[in-house]
Amino acid sequence: MKIRIIVSYVPRYRGGHRWHFAPPVTAIHLAALVPKGHEVEVVHEQVREVPMDRDVDLVAITFFSGFARRAYEVADAYRRLGVRVVLGGPHASYWTDEALEHADAVAIGEADAVWPTIIDDAARGQLARIYRGTPHSLAGLPAPRYELLESQFVVRRVAQATRGCPFSCSFCAVPDLNPGFRVRPVDDVVRDIEASHFDHWWQDKVVWFWDDNLLAKRKWARELLDAMTPLRKWWLTQASIDIVKDDELMKRMERSGCIGIFLGIESLDAGDLTQVGKRQNKAAEYADAIRRLHDRGVCVMAGFMAGFDDQDPERIVRTAEGLNAIGVDVPFLSILTPLRGTPLYDRFLADGRLLEDRSWDHYNGYNVAFRPARMPPTRLLSAHRELWSRAFSPGAVAQRLSRGARQLSAGGLMLSTAMNGFYGLKRLEGNAPAEAASGGPRIAHPSPGGLLRVAHSAIPSAIETAAV
Ligand code: B12
Ligand code: SF4
C-alpha cells in the first residue's frame, strides 16, 4: 500500500511563517513503524501544501485540537476522492465520536502497537472503526525516518526519549494521555541521535528532544547524559524547574552539551500556580533557578499563560517586564486553553465557563475559548496581544540578547538569537498571533458528569513510574 502521513496545521500568526524551527516527531515516528512492504510519505502542512490526489491507499492524519477544523477538511476531501482515512493523536483520542464522522478509523491513545495492525487491516480491506492503544514499554522503538522530512525545517533531529510526566498541572493532558513516566533504553536513544547525516552542520549538531519532562527520572537522566557526552551534540528539551536543585545533573547537562531548557513557568504569581496545581514552581525562586541554568550557559525558554482566575489585564501585560527581570531568554506566551483530558476542562465544563460560540480554531493556544473570571474574553485576548507586543519589542529583545551574550554558551546564544530574532521580526512586521474567525462548526461538549478520559484502565506493571 501507499501510505501518506499528514500533520495538519493552521498558521497561528496573521502572516504565517516562511520557515519552521523543527518538525514534530510524530509523523516520522509513525513512518518508522510502518511494516516492510509498504510505501510511506510524510507531509507537514506547516511547510507544504497537502497533495490532494487519489494516488494513495491510506491517509493517516495527526493533529492537535487547535488544528482539528483543518484536519477534518483534509480528511473529508480525501474520502470524497475515495481514499481511506485514519485519524489519531491527542484530539482524536478525546473527541473520538466527532473524529469518526470524518474518518474510516480512529486510533485512540498511544498507537505504537496498534498502528501496524491498522495498516494490515487496511491492506486486507478490513479496517475496524476504532483502535485503542495502551501505554506500553518504550524498549525497542525504531529510529524516526528523518530522511522523509521536508527540507524547510531548520533543525531536523527531533527525538523522544521518555513519555509522561510525574506532575499533574490542571491544564495539561499529558498525565492522562501518557500515564506514568516511562523511559527508553539509553542505547536506543543514542542510536537515534547518531542516525542519519543531514545537509548542514547544525542539523547534525543539534538534538531537539520533544519530551514532556526529559530529566524527571534522575538516575536514568544521568546515564543518558553520560552516554551523550562523547557525541559532542548540542541538545535542548523541556524540563521541570526542580532540576536546578540537582547539581550532579546540572554538571552533566553542561558537559553533554545542553544549550536550552524550556520551563513551564506559566505565571509569576504564587497564587496562580497553586490554583493550577503547579506545585514544582516556586515563584520566589525563579530568578535564582534561571541564574543557575545561566551559570551552565543554558538558554532558558519559558512558557507563560494568560487567563488564570486571579489575573486582571494589567497583571497579564506586566508579565512582559517581569519575565525579563527574572532572566528569561526566550518567552513563549499563550492563553490558558481548556483541553479535554484535563481537570481544567472538567472544571470549566461543570461551571458552564466554556464559550459555546467557539470553534476548534480557538483552541490553538492563542485564542480564548472560555469565560475568564475577571474580564470579558475580548479583554483577555487584547491583554495577551499587548503582552506579546511588549515582550517582543525591540528594547525587550535587545535586553535579553545583550544579557545572553554575557551569560550563555555559544549554542545557547545561537538559540536565543534565532528565537528572539524570529519573534522580534514578527513583531516589527506586525505579524502578531492571529485571531480565530468566529462561526464555524460548534463543538459538542459533553454534559457535565458525562466526561470521558482516555481509557487507560491501568498502567501495565512492566512499566516503571518515576519517583520524584
Ligand atoms: C512536542 C510537543 C510540542 C512541540 C511540537 C509541536 C508539534 N507540532 O508536534 C511544540 C513545543 C512546538 C508544541 C507546541 C504546542 N503544543 Co504541544 N506537545 C508536545 C508534546 C510534549 C509531545 C508530542 C510528541 O511529539 N509526542 C511523541 C509522539 C511520538 O507521540 P504522539 O504525537 O503522541 O503520537 C502518538 C499517539 O498520539 C499516536 N498518534 C498520533 N497521531 C496519530 C495519527 C494516527 C493516524 C495514528 C494511527 C496514531 C497517531 O501514535 C503516536 C505513537 O504512540 C505533547 C504532550 C504529549 N505527551 O503528547 C504536547 C501536546 C501535544 N501539545 C499540546 C498543545 C496544546 C500545544 C500548543 C497548542 C500549546 C500552546 N499553548 O501554544 C502548541 C501548538 C503549536 C504548534 N505549532 O503545533 C497539547 C495538545 C492537546 C490537544 N488536545 O490538542 C499536548 C498534548 C500537551 C498538553 N498541553 O496537554 N508541542
Ligand atoms: S510539568 Fe509540564 S508536562 Fe508535567 S503535567 Fe505540568 S505542564 Fe504537563
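Please read all numbers here as calculations on a predicted model, not as lab measurements. Just so you know, ligand 1 is whichever comes first in the structure, and atom 1 is the first atom listed for that ligand. Values below: all heavy atoms of this structure, side chains included; hydrogens, waters and symmetry mates excluded.
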Problem set entry | Check against ring pair (Phe, Tyr, Trp, His ring centres under 6.0 Å), F21 and F153 | CA-CA 6 Å; F21 282 110; F153 292 110; over 10 Å; no
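- Only the side chain of A107 comes within 4.0 Å of ligand 1, counting heavy atoms alone; its backbone N, CA, C and O stay farther away.
- Q46 and H20 are not linked by any side-chain donor-acceptor pair at a separation below 3.5 angstrom, with hydrogens and angles left out of the test.
- Proximity to C165 (heavy-atom distance under 4.0 Å) selects the following atoms of ligand 2: 1 (S), 3 (S), 4 (Fe), 5 (S).
- A donor and an acceptor atom, one from each side chain of N364 and N367, are located under 3.5 Å apart.
- Neither side chain, D192 nor Y146, offers a donor N or O lying under 3.5 Å from an acceptor on the other.
- Considering Y366, Y131, F64, Y363 only, the shortest heavy-atom separation from atom 74 (C) of ligand 1 involves F64.
- In terms of protein heavy-atom proximity, atom 2 (Fe) of ligand 2 is nearest to K278 NZ, 4.0 Å.
- Comparing heavy-atom distances from atom 54 (C) of ligand 1 across L33, D212, T62 singles out D212 as nearest.
- Using a 4.0 Å heavy-atom cutoff, F67 is listed among the residues neighbouring ligand 1.
- Atom 48 (C) of ligand 1 is flagged as protein-proximal [any protein heavy atom, distance under 4.0 Å].
- Heavy atoms of I335 found under 4.0 angstrom from ligand 1: none, in either backbone or side chain.
- Between F67 and Y363, the distance separating the two ring centers is not shorter than 6.0 angstrom.
- For atom 27 (C) of ligand 1, the closest heavy atom belonging to the protein is Q160 NE2, 3.3 Å.
- Between R427 and S389, the side chains place a donor N or O and an acceptor N or O closer than 3.5 Å (distance only, hydrogens not considered).
- Looking at L87 next to ligand 1, no N or O pair under 3.5 Å apart turns up.
- For ligand 1 and V25, the ligand atoms under 4.0 Å from any heavy atom of the residue are 25 (O), 27 (C), 28 (C), 29 (C).
- The ring of Y9 has its center no closer than 6.0 angstrom to the ring center of F64.
- Protein heavy atoms all stay at least 4.0 Å away from atom 69 (C) of ligand 1.
- In this structure, Y78 OH and R4 CZ are separated by 4.0 Å, a value rounded to the nearest 0.5 Å.
- Residue H29 has no nitrogen or oxygen atom sitting less than 3.5 Å from a nitrogen or oxygen atom of ligand 1, judged on distance alone.
- Geometric assessment of R340 against the ring of W95 yields a positive cation-pi assignment under the 6.0 Å and 45° thresholds.
- Distance remark: protein heavy atom not present below 4.0 angstrom from atom 33 (O) of ligand 1.
- For the 3.5 Å distance criterion, the side chains of Y366 and E435 fail to qualify, holding no donor opposite an acceptor.
- The parts of C169 lying near ligand 2 are both backbone and side chain, judged by heavy-atom distances below 4.0 Å.
- Cation-pi geometry between K426 and F392 is not met at under 6.0 angstrom from the ring centre and within 45 degrees of the axis.
- A side-chain N or O of E98 and one of H91 form a donor-acceptor pair less than 3.5 Å apart.
- Looking only at atom types and distance, the side chain of T237 has no donor-acceptor partner in the side chain of D211 under 3.5 Å away.
- When all heavy atoms of Q280 and S240 are compared, the pair lying nearest together is CG-CB, 4.2 Å.
- Side chains of Y345 and L354 form a contact here, defined as non-hydrogen atoms less than 4.5 Å apart.
- Residue N178 has at least one N or O atom closer than 3.5 Å to an N or O atom of ligand 1.
- The proximity of S334 to ligand 1, defined as any non-hydrogen pair under 4.0 Å, is limited to the side chain.
- Counting heavy atoms under 4.0 Å from ligand 1, residue L339 touches it through the side chain alone.
- When non-hydrogen atoms are compared, ligand 1 lies under 4.0 Å from the backbone of N364 (N, CA, C, O) but not from its side chain.
- Heavy atoms of Q238 come nearer than 4.0 angstrom to ligand 1 in no pair at all.
- Across W210, W115, Y9, F171, heavy-atom proximity to atom 4 (C) of ligand 1 is greatest for W210.
- Set against the non-hydrogen atoms of F171, the atoms of ligand 2 under 4.0 Å away are 7 (S).
- Taking a distance limit of 4.0 Å, we find that atom 40 (C) of ligand 1 is approached by some protein heavy atom.
- The shortest heavy-atom distance from R12 to ligand 1 is under 4.0 Å.
- When the heavy atoms of G303, G133, G109 are ranked by distance to atom 38 (C) of ligand 1, first place goes to G109.
- C172 SG, 2.4 Å is the protein heavy atom nearest to atom 8 (Fe) of ligand 2.
- The protein atom (non-hydrogen) at minimum distance from atom 1 (S) of ligand 2 is Q280 NE2, 3.1 Å.
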